[in-house]
Every structure is written in structure tokens, then in C-alpha cells.
Amino acid sequence: MNPTVSIRDETRCFQTPIPSKSVLQAIIAFAGFLAICTAMYITFDKAWWLSLALAPLAADFLVRIFIIQHDCGHGSYFRKRRANDALGFACSLVTLAPYASWRRQHAGHHRIWNDLDYRQTGADIYSSCLTVTEYSALSTSHRLWYRTTRNPLVANMLVPPFVFLGLYRFPFDSPRSWRHERRAIYATNAALIAIFCGLGLLLGFGEVAAVQLPITALAAIIGVWLFSVQHRGETVQWVRHESWDGVSASLQSATYLRLPAVLQWFTGNIGYHHVHHLNPRIPNYRLQECHDSIPALRDTPALTLRSGFRAMQLVLWDEESGRMATIREIRLRELRS
């Protein structure tokens with residue numbers, strides 16, 4: 001038997017959801033988020049700075065809710081699809097990411113990540129890149145555009161809140177044939193309008209904006225960084241389609257982001273990204289168990305917070321050297337040649 005196929009087979013015993021853990025995790029995530037939001041509203045009039053200081057904690061709980069939505073989209077959180085879809089939609093009303101369309105778009109990412117020949121068939125900028133040869137062939141203006149859109153300040157700080165608050169309100173990445181997903185976007189919008197109008201009438205629209213916008217912006221920044229950096233590590237490999245297979249790509253093109261215990265909890269173990277890509281049906285609370293139980297998975301090179309932040313600069317694939325590269329490296333190479 002192909003040893004890589006055997007590794008995937010070994011993970012299957014971890015993909016069965018544990019209903020009590022799923023329910024408890026969802027209760028804690030929503031209760032924590034709502035409790036912090038309530039505290040922010042209570043303290044806003046008396047000490048707005050204290051209210052704002054609680055925003056990062058609320059954002060952490062929101063990231064945890066998004067991980068639950070992500071699991072629901074993979075059908076890994078509950079055994080029944082109806083239960084996954086119901087909870088996934090509920091999550092979307094606080095994450096602002098429309099559940100049905102995000103689920104389908106993200107499934108596309110899992111089919112093609114780090115496949116050089118399928119980069120333009122559904123992958124977003126956070127799981128795609130140009131090769132050094134392609135970048136070198138660009139005009140000056142197109143190079144500038146690429147550098148700007150991949151700059152960490154733009155791609156990881158400015159764009160994520162815009163995506164969650166603005167772009168997700170429209171079917172911008174949903175083909176017209178995705179009728180259910182497009183209708184679901186508008187249904188999500190209608191529910192959000194009702195929720196925020198109700199909160200605005202009850203608490204004041206200014207207060208609602210002052211509390212919810214920082215939370216959403218911070219959670220979007222954290223969430224996008226988590227998902228993007230784990231396809232950008234120095235050890236990540238990109239291959240042509242004829243050499244691509246899902247198992248090898250999981251072990252070589254997705255990383256293990258080793259986080260402190262508190263951050264690992266808030267991020268729902270998504271740092272075990274190589275395990276998640278190997279078998280997306282494993283619930284987030286079983287990813288570490290799977291990783292620790294299969295020796296081959298423990299051989300995956302790990303990213304730390306420090307190396308993860310450095311990896312944000314790795315936006316080009318150098319086919320000659322078989323490694324990720326920064327734009328600065330390529331510019332220096334061109335100057336020397």
C-alpha cells in the first residue's frame with residue numbers, strides 16, 4: 001500500500017464527532033462572545049476605553065465561532081448535515097461570513113491548494129501566489145499592484161475587515177449557477193439587518209457600531225492571518241498538477257502552526273492545518289489527538305508565531321530553488337544579475 005494513502009486511512013478513526021464536545025464547545029464560544037459584548041455595552045457610556053480594551057477578547061471568541069462554522073462547512077462538527085448547516089448559519093450571523101457560499105468556495109480551496117496549474121480556479125489571494133518567473137515577466141505597473149495587494153499591511157490588515165463587512169454582503173465570488181448559495185447570501189443579509197436594526201433601536205446605532213466594528217475587524221484580521229500563513233511557510237511546496245495529490249500536499253503544502261495553549265484554544269486547533277487538510281472531516285477538537293497519535297504527522301515542520309509573521313512576506317514561488325521567496329529577495333537577485 002502507498003504509505004501516504006495509509007496515513008490518510010489512519011486519520012479516519014478521528015473523524016467521528018463527539019456530540020457532547022461539539023455542543024459544549026458551541027455553548028462556551030457563543031456564551032463567551034455574548035458575555036464580552038454585553039460587558040462592552042455596559043461599560044461603553046462610563047468608560048469607552050475599557051469597552052474598547054475588551055474588543056480583542058471578544059474577537060478571540062469570534063474567531064473560535066468562525067472555526068466552528070468552518071467545521072460545520074466540512075460536515076465534521078455533527079454527524080447530520082442538517083445540524084451542521086443549522087449551526088453554521090447561526091455562526092454566520094455573528095461572523096458575517098455567509099455560510100453556504102463560504103462553504104462551497106472553501107471546498108474549492110481544498111481541491112486545488114498549492115497546485116500551480118489550478119491557482120486561478122477558485123483560490124483566493126491568501127492561498128495563491130505567482131512564480132518568480134511570472135512576477136519577473138510583469139510590467140512595472142502590474143508588479144506594483146502585486147506588491148501592494150500582497151503587502152502584509154494591505155493583505156492582512158486592511159483587506160480582511162473590508163471582505164467581511166463589505167464583500168461578503170454580495171455574491172462576488174459565487175457564479176450565477178450557485179443559485180442556493182446566492183439566495184443564502186441575501187437571506188443572511190436580511191437576518192443581519194433585522195439583528196442590527198433591533199440592537200440599534202435598543203442600544204443606539206452609534207454604540208452598536210462602536211462596539212461591533214472593532215470586534216469584527218480584529219477577528220477578520222486574526223482569522224485571515226491564521227488561514228493564509230499556513231500555506232506560506234518556508235517549507236511549503238508548490239507543485240504542477242501532474243505531481244499534485246491531496247495527501248502529499250497536506251504534508252508538504254500545509255503547515256503546523258504551534259501556538260501557546262491559550263491561543264490554540266481560541267483558534268480551535270486550526271494550527272494543526274496539515275492534519276485538517278489531510279482529513280477535513282476531523283472536528284477541530286480532535287486534530288491534536290490525531291496529530292499526536294500518528295508519528296508521520298509529527299514530522300511536519302512547525303511554524304511559531306515569530307516564523308509565522310515572517311512568512312507573511314513569502315509571496316512568490318521559486319521553481320528553480322523549490323522554495324517560497326520574498327519580493328525583496330527577488331529584487332536583490334535581479335540587481336546582482
Side-chain angles (χ1 to χ4, degrees), residues 26 29-30 33-34 37 58-59 61-78 80-113 120-128 149 155-156 158-201 205 208-209 211-228 268 270 280:
F30 275 94
F33 176 71
L34 295 175
C37 287
F61 275 105
L62 188 55
V63 168
R64 190 160 172 81
I65 292 172
F66 188 83
I67 297 299
I68 293 173
Q69 177 178 333
H70 167 256
D71 275 13
C72 290
H74 282 294
S76 64
Y77 205 68
F78 293 116
K80 300 290 187 180
R81 176 167 179 170
R82 185 173 295 180
N84 282 306
D85 290 349
L87 180 57
F89 178 74
C91 290
S92 74
L93 298 182
V94 290
T95 66
L96 307 187
Y99 171 71
S101 61
W102 190 91
R103 175 187 62 192
R104 189 164 180 177
Q105 191 272 344
H106 184 66
H109 160 74
H110 272 261
R111 286 193 297 269
I112 62 164
W113 87 95
Q120 307 305 321
T121 58
D124 54 46
I125 68 170
Y126 299 104
S127 54
S128 183
T149 56
N156 293 88
L158 300 180
V159 172
F162 172 71
V163 170
F164 278 79
L165 291 166
L167 283 186
Y168 277 159
R169 309 283 63 80
F170 307 95
F172 73 100
D173 60 351
S174 301
R176 291 194 177 277
S177 59
W178 293 13
R179 294 175 183 173
H180 168 71
E181 288 77 11
R182 292 170 72 90
R183 287 195 299 267
I185 290 172
Y186 298 123
T188 302
N189 289 344
L192 290 172
I193 290 171
I195 290 170
F196 285 109
C197 281
L199 282 174
L201 292 171
F205 288 96
V208 171
V211 168
Q212 301 301 146
L213 288 178
I215 295 172
T216 301
L218 285 171
I221 290 167
I222 295 168
V224 166
W225 180 79
L226 284 169
F227 276 90
S228 63
I270 200 62

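These numbers were taken from a predicted model, which means no experiment stands behind them.
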Can you tell me how far [atom2] of [Y] sits from [atom1] of [X], rounded to the nearest 0.5 angstrom?
X: Asn84; Y: Asp71; atom1: CG; atom2: CG; value: 8.5 Å
X: Asn156; Y: Leu226; atom1: CG; atom2: CG; value: 10.5 Å
X: His180; Y: Ser174; atom1: NE2; atom2: OG; value: 10.5 Å
X: Leu93; Y: Gln69; atom1: CG; atom2: CD; value: 9.0 Å
X: Ser128; Y: Trp113; atom1: OG; atom2: CH2; value: 14.5 Å

Looking at side-chain heavy atoms only, is the closest gap between [X] and [Y] below 4.5 Å?
X: Ile222; Y: Leu62; answer: no
X: Ser101; Y: Arg182; answer: no
X: Gln105; Y: His109; answer: no
X: Thr188; Y: Phe89; answer: yes
X: Tyr99; Y: Cys72; answer: yes
X: Phe205; Y: Leu199; answer: no
X: Tyr186; Y: Pro171; answer: yes

Whether the side chain of Gln212 engages the backbone of Cys37 through a donor-acceptor N/O pair (distance < 3.5 Å, no angle test) should be reported. no

What heavy-atom pair brings [X] and [Y] nearest, and what distance separates the two atoms?
X: Ala184; Y: Ala100; value: CB-CB, 3.8 Å
X: Ala220; Y: Pro161; value: CB-N, 3.9 Å
X: Pro160; Y: Ala155; value: CD-O, 3.2 Å

Does Trp102 have its ring centroid less than 6.0 Å away from the ring centroid of Phe66? yes

Check: His70 ring centroid to Phe227 ring centroid under 6.0 Å: yes

Once side chain to side chain donor-acceptor pair (under 3.5 Å) is applied, what residue pairs with a partner in residues 216-227 remain, sequence neighbours excluded? none

With a 6.0 Å cut-off (strictly less than), is the heavy-atom count around CZ of Phe170, excluding the residue itself, greater than 12? no

Hey, which of Thr95, Leu96, Val163 is the one that makes side chain to side chain contact (heavy atoms under 4.5 Å, CB included) with Tyr168? Val163

Pairs touching residues 94-110 that satisfy salt bridge (Lys or Arg N to Asp or Glu O under 4.0 Å), sequence neighbours left out: Asp85-Arg103, Arg104-Glu181

The ring pair (Phe, Tyr, Trp, His ring centres under 6.0 Å) partners of Trp178 (sequence neighbours excluded) come to none

Run the numbers on Phe61 and Ile215 for side-chain contact (heavy atoms from CB on, under 4.5 Å), then give the verdict. CA-CA 10 Å; Phe61 275 105; Ile215 295 172; over 6 Å; no

